[in-house]
Amino acid sequence: MSEQYQSREERRKKLQSKGKPKTKAKKKSGRIFKKIFLSLVVLGIVGILAGVGTFAFLVKDAPKLDPKLLKDPIPSKILDKDQNLISEVGAVNREYVNYKDIPKVLENAVLATEDYRFYKHHGIDPIRLGGAVLANFQRGFGAEGGSTITQQVVKNVFLTREKTLKRKVQEAWLSYELEQKYTKHQIFEMYVNKVYVSQNSHGLATAAKIYYGKPLKDLTLAEAAQIAGMPQSPNNYNPFTHPDLAEKRRNIVLTLMEQHGFISKQEMEEAKKVSVASTVLKEDQRKVDEKPFDSFVDAVIDEVKDNTDFDIFTDGLTIYTTLDKEAQTYVYNMLNSQDIIKYPDEEFQAGIALLDTKSGEIRAIGGGRNQQVKRGFNYAIDSKRQPGSTIKPVLDYAPAIEYLNWGTYEMIEDKPITYSTGKKFGNWDQSYKGPMTIRTALQLSRNTPAVQALQEVGLDKAKDFAVSLGIPLKEIYESYAIGGFGGKTIGVSPLEMAGAYSAFGNNGLYTKPHAVTKIKLRDGTVMSTAPEPKVVMKDSTAFMITDMMKSVLVSPGTGTRANVPGLPIAGKTGTTNYTADEMQKWNINKSAVPDAWFTGLTTNYTASIWTGYENRKTPITKVEDQRIAQLLFKNLMAYVSKDIETPDFTMPNSVQKVRIEKGSMPPVLASEYTPDSAIGTEYAVKGHAPKKVSEKYNKLEAPANPTAKYDEANKNIVLTWDYNNAANNNIQFDITVDNGSGPKHTVQTENSLTIPANPGEKYTFTIVALSGDKKSDSVSTSIEIPKPEKEKDQEEQNGNGNGNNNGNGNNNGNGNNNGNGNGNGNGNNNGNGNGGDQGGTLPPATIPGNPSEGQGPESPPGT
């Protein structure tokens, strides 16, 4: 048993009573203690240095605390023309909210669930961390996290989600740094806007809109608790797909809020009674399907990128667009269904651009067929295909009217021609129809007149005119007159073609097609982005070319299948051809085409439709498939025009209507004598109409004094007449003779005619003067040929005779104007009367002779 000492003094005396060897032992034990102490100090220093070194080593590769990464990319909202939301565009779907707009109920729900000591620590919470470390020792590393809200922000922005020591050390270091540079409110705002909330969306404000259709400030306690609990497992706690799990998680959040003193027990219990499934949006209230609008959104993205410095994917813009949702949906359905249009196969493609004619605003975009699963190439705005004959109004005929003051009646001969290079050129069918108006040439889509028009205008002027209408010509050749683009100018898009045509319907004002009218920034600043209209042609040019294109939709025009009854429509067809080398190389029939177009307009809408295949090597072989572009146009125009008035194109004061004699070359005005069938109603630039009036159908002076005499000796009729210009060798006379048995015509140069006469017949002669296509008014005369005497005697024996103003004795003894006698009696020299019953009683005859009943007085001898 060891000795017990009561005091330090007793211990000292005892030690002194011992010998010197004991003193040496004491010194030895002291030195050992010092060594141990010094060793521990050294080890401590080494440990500290090692720890610091290890920490430094682990954090040396930590990412920089880049403020740009802390800025949340905010999607942009896209609104239609009625300011309804149609889509959100951005890296993520996020409704951003500033800290001042975060309601206290939501902040408390987040703090209670994620980090109730958030406002008491400096990025790392030792108490929370200690609990997590204990759990990790007990259940394995990574069993429980001790992350604060600050650490979660760092992890979401800068680090991966792997659970390693290195990542946790870096997380702690960056959290400390973040707390040094930003306020607690700023960090809390970062958290609220970054957390994932399922539905491919981020941010608690986004969750409020998606699941409840309301802003954060309008959330109830139950709704705030449900949203605050989602970040732990967003997909499992999605109230649309798992309302039961979402409700359980919400109730845990409510319990934590009551536990940490944010709400009362009564508030907790009342909130728990609310069913999550009953409060979230019903299926028909949820976000609309964006697929029908994808093609239009493509145009919006391109426009914002090309015309502004904003990033549509990150800047949180509100973009006001020109979209007509109904028209866009119809275009989408028309392209992706066989119910409206019968397509030859699934690979057949189409691009559609629909504009407001007056404003140039894009109402709908059809980017292609069968792009529901994955957004593909946009054939309406990205494609560059040869336009074929749809370019003729833009490049050939409109410039001719603009610069040469051509009228719609201008004559061009459809004939084989030669390019300026010396190369011969003809129509696709190698047939030629001779002289025709430019209206007819456009209506029938004849190629050689189009090339001749371009040659007359000049290549440079035509190119400048087309460029002013938005057609991106880099150069120009004569072959461009019929849409055979090549070289640097690969082709055009339907959107560009629609833009060009819309100027024709807008009195010569061109407004670049656009999908965006204004953009609102996050700070409320509003910027107008709509392009200004500009005058690119005279209103006379615009009206006249439009009126010419109306003929395309009327038989025998090439675009009759695009016509909508009752709508005044102008437009143009277009197809392109394969070269001989291509047909041979790809084994393509000469009747097949790579592209088929129709571009047209009303006073309200302009639409351009391209059809074909993605690869030009695949041809459109059937004629009916080459007409699909026309049918798409017809259906679309009928749909968008069904409930609105569509007035006709109005003739401006700079244009005059003219009556042109058809076929005249050069054109001349119809005269008052031109037949209606030979008159065409056309238009001229005022002051440039033809001055000459046609004389082709002018009337000649009529023959005068027609006389017909009977030559009894020769039994002929001699017809004569006078004519002042008889000396003119070009004068002929058309004589019509009619004796009751049908008219007979004789044409001669002499002004007399002798014909045989038949006794007892009446002849009528009509005479007209002729000179080429001219003719005079007619003149007429008649003659009655007497009968021979023996025929007269025979008539008397038969009791037939005529009394001149006296009456006829025809078996009745009737006296003309004298009365009728009864019985049989003879009229004086008037013939025999037999059985004169039915006669009236008149005074007795006073002329000497046999008494007669029925012979009236004043009856001269019968003939």
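All values below come from the heavy atoms of this structure, side chains included, with hydrogens, waters and symmetry mates left out. In what follows, residues are counted from 1 in the order of the sequence shown.
Applying the salt bridge (Lys or Arg N to Asp or Glu O under 4.0 Å) rule to Asp414 yields the partners Arg446; only residues at least two apart in sequence or on another chain are considered. Shown here are the salt bridge (Lys or Arg N to Asp or Glu O under 4.0 Å) partners of Lys358, two or more places apart in sequence or in another chain: there are none. Every residue two or more places apart in sequence or in another chain that forms a side-chain contact (heavy atoms from CB on, under 4.5 Å) with Lys538 is listed here: Glu402, Asn405, Ser540, Thr541. With sequence neighbours left out, the salt bridge (Lys or Arg N to Asp or Glu O under 4.0 Å) criterion links Asp648 to Lys550. Not counting sequence neighbours, the partners of Thr437 by the side-chain contact (heavy atoms from CB on, under 4.5 Å) test are Met411, Arg439, Thr440. Residues forming a salt bridge (Lys or Arg N to Asp or Glu O under 4.0 Å) with Glu496 (at least two apart in sequence, or on another chain): Lys384. Phe504 pairs by the ring-ring contact (aromatic ring centres under 6.0 Å, His included) definition with Tyr501, not counting sequence neighbours. Residues passing the side-chain hydrogen bond (donor to acceptor under 3.5 Å, both in side chains) test with Ser555: none are found, sequence neighbours excluded. Taking Thr603 as the reference, Thr646, Pro647, Phe649 meet the side-chain contact (heavy atoms from CB on, under 4.5 Å) condition, with sequence neighbours excluded.
Put simply, the side chain of His514 gets close to the backbone of Lys512: a donor and an acceptor are under 3.5 Å apart. In terms of modelled atom types and a separation under 3.5 Å, the side chain of Asn577 and the main chain of Pro594 share no donor-acceptor contact. For Arg369 (side chain) and Leu335 (main-chain N/O), a donor-acceptor pair under 3.5 Å exists by modelled atom type. Panel note: side chain Asn378, backbone Asp382; no donor-acceptor pair is recorded below 3.5 Å. The closest donor-acceptor contact from the side chain of Gln452 to the backbone of Thr448 lies under 3.5 Å. Judged by distance alone, the side chain of Thr357 and the main-chain N or O of Tyr605 form a donor-acceptor pair under 3.5 Å. In this structure, the side chain of Asp80 engages the main chain of Asn84 through a donor-acceptor pair within 3.5 Å. The backbone N or O of Ser420 sits less than 3.5 Å from a side-chain atom of Glu478, completing a donor-acceptor pair. Tyr697 places no side-chain N or O within donor-acceptor distance of the main-chain N or O of Pro675, the cut-off being under 3.5 Å. Proximity of a side-chain donor or acceptor of Thr489 to a complementary backbone N or O of Phe485 within less than 3.5 Å is not detected.
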- Full working for ring pair (Phe, Tyr, Trp, His ring centres under 6.0 Å) between Phe377 and Tyr379: CA-CA 6 Å; Phe377 184 79; Tyr379 289 95; 5.1 Å; yes
- Message: One pair to check against side chain to side chain donor-acceptor pair (under 3.5 Å): Thr573 and Thr558. What are the steps and the verdict?
- Response: CA-CA 7 Å; Thr573 56; Thr558 59; 2.7 Å; yes
- Could you check Lys392 against Asn447 for side chain to side chain donor-acceptor pair (under 3.5 Å), going step by step and ending with a plain yes or no? CA-CA 9 Å; Lys392 290 175 181 176; Asn447 287 340; 2.8 Å; yes
- Decide side chain to side chain donor-acceptor pair (under 3.5 Å) for Asp581 and Thr579; before the verdict, give the C-alpha distance in whole Å, the side-chain angles of both, and the deciding distance to 0.1 Å. CA-CA 5 Å; Asp581 290 341; Thr579 65; 5.2 Å; no
- Verdict with reasoning, Phe633 to Ile569, per side-chain contact (heavy atoms from CB on, under 4.5 Å): CA-CA 11 Å; Phe633 177 90; Ile569 300 176; 3.7 Å; yes
- Task: In sequence, state the C-alpha distance, the side-chain angles, and the governing distance for Asn563 and Thr560, and then conclude on side chain to side chain donor-acceptor pair (under 3.5 Å).
- Result: CA-CA 5 Å; Asn563 189 40; Thr560 56; over 6 Å; no
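Contacts classified as side chain to side chain donor-acceptor pair (under 3.5 Å) and involving residues 628-641 (residues at least two apart or in different chains) are not found. Listed by first and then second residue, the side chain to side chain donor-acceptor pair (under 3.5 Å) pairs that reach into residues 609-624 are Asp345-Tyr613, Glu582-Arg616, Asp595-Trp610, sequence neighbours excluded. The ring pair (Phe, Tyr, Trp, His ring centres under 6.0 Å) pairs that include a residue from residues 538-559 are Phe543-Tyr683, where partners are two or more places apart or lie in different chains.
With a 6.0 Å radius and a threshold of 12 heavy atoms from other residues, nucleotides or ligands, Asp82 has its CG atom above the threshold. Surrounding CD of Gln430 are more than 12 heavy atoms belonging to other residues, nucleotides or ligands, all under 6.0 Å away. Shown here is Lys342, whose NZ atom has more than 12 heavy atoms of other residues, nucleotides or ligands within 6.0 Å. Under a cut-off of 6.0 angstrom, the local environment of CD in Gln338 is crowded, with over 12 non-hydrogen atoms contributed by other residues, nucleotides or ligands. Atom NZ of Lys305 sits in a sparse spot, with 12 or fewer heavy atoms from other residues, nucleotides or ligands closer than 6.0 Å. In this structure, Trp428 places its CH2 atom where only 12 or fewer heavy-atom neighbours from other residues, nucleotides or ligands lie under 6.0 Å away. In the displayed structure, Asn653 atom CG is contacted under 6.0 Å by at most 12 heavy atoms of other residues, nucleotides or ligands.
Annotation: Tyr477 is in aromatic contact with Tyr480 [ring centroid separation under 6.0 Å].
Looking only at side-chain heavy atoms (C-beta outward), Ile438 and Ile412 come within less than 4.5 Å of each other. You'll find the side chain of Thr322 reaches within 4.5 Å of the side chain of Thr517, heavy atoms only. The shortest side-chain heavy-atom distance between Pro690 and Tyr409 falls under the 4.5 Å cut-off. Arg363 is not listed as a side-chain neighbour of Leu323, based on a closest heavy-atom distance of 4.5 Å or more.
Here the NZ atom belonging to Lys642 is positioned 14.5 Å from the CE atom belonging to Met637, to the nearest 0.5 angstrom. One distance of note links CE of Met548 with CD of Glu410; it measures 10.5 Å at 0.5 Å rounding.
A side-chain donor-acceptor contact under 3.5 Å links Ser694 and Glu661. For Thr408 and Glu682, the side-chain atoms include at least one donor-acceptor pair closer than 3.5 Å. For Ser445 and Ser389, the side-chain atoms include at least one donor-acceptor pair closer than 3.5 Å. Defined by atom type and a distance below 3.5 Å, a donor-acceptor pair is missing between the side-chain atoms of Thr602 and Asn604.
Judged by the 6.0 Å and 45° rule, Lys534 forms no cation-pi pair with Tyr510. Annotation: cation-pi pair Lys415/Tyr432 absent, no NZ/CZ under 6.0 Å from the ring centroid and within 45° of its normal.
Results of the side chain to side chain contact (heavy atoms under 4.5 Å, CB included) test with Ser608 over Val492, Thr599, Leu601, Ile352 single out Thr599 as the only residue that passes. Of the candidates Glu346, Gln349, Glu347, Glu346 is the only one forming a side-chain hydrogen bond (donor to acceptor under 3.5 Å, both in side chains) with Asn370.
Using bins of under 30°, 30° to 60° and over 60° for the plane-to-plane angle, the ring pair Tyr343/Phe348 lands in the tilted bin.
Considering every non-hydrogen atom in both Pro568 and Gly566, the closest pair reads CD-O, 3.8 Å.
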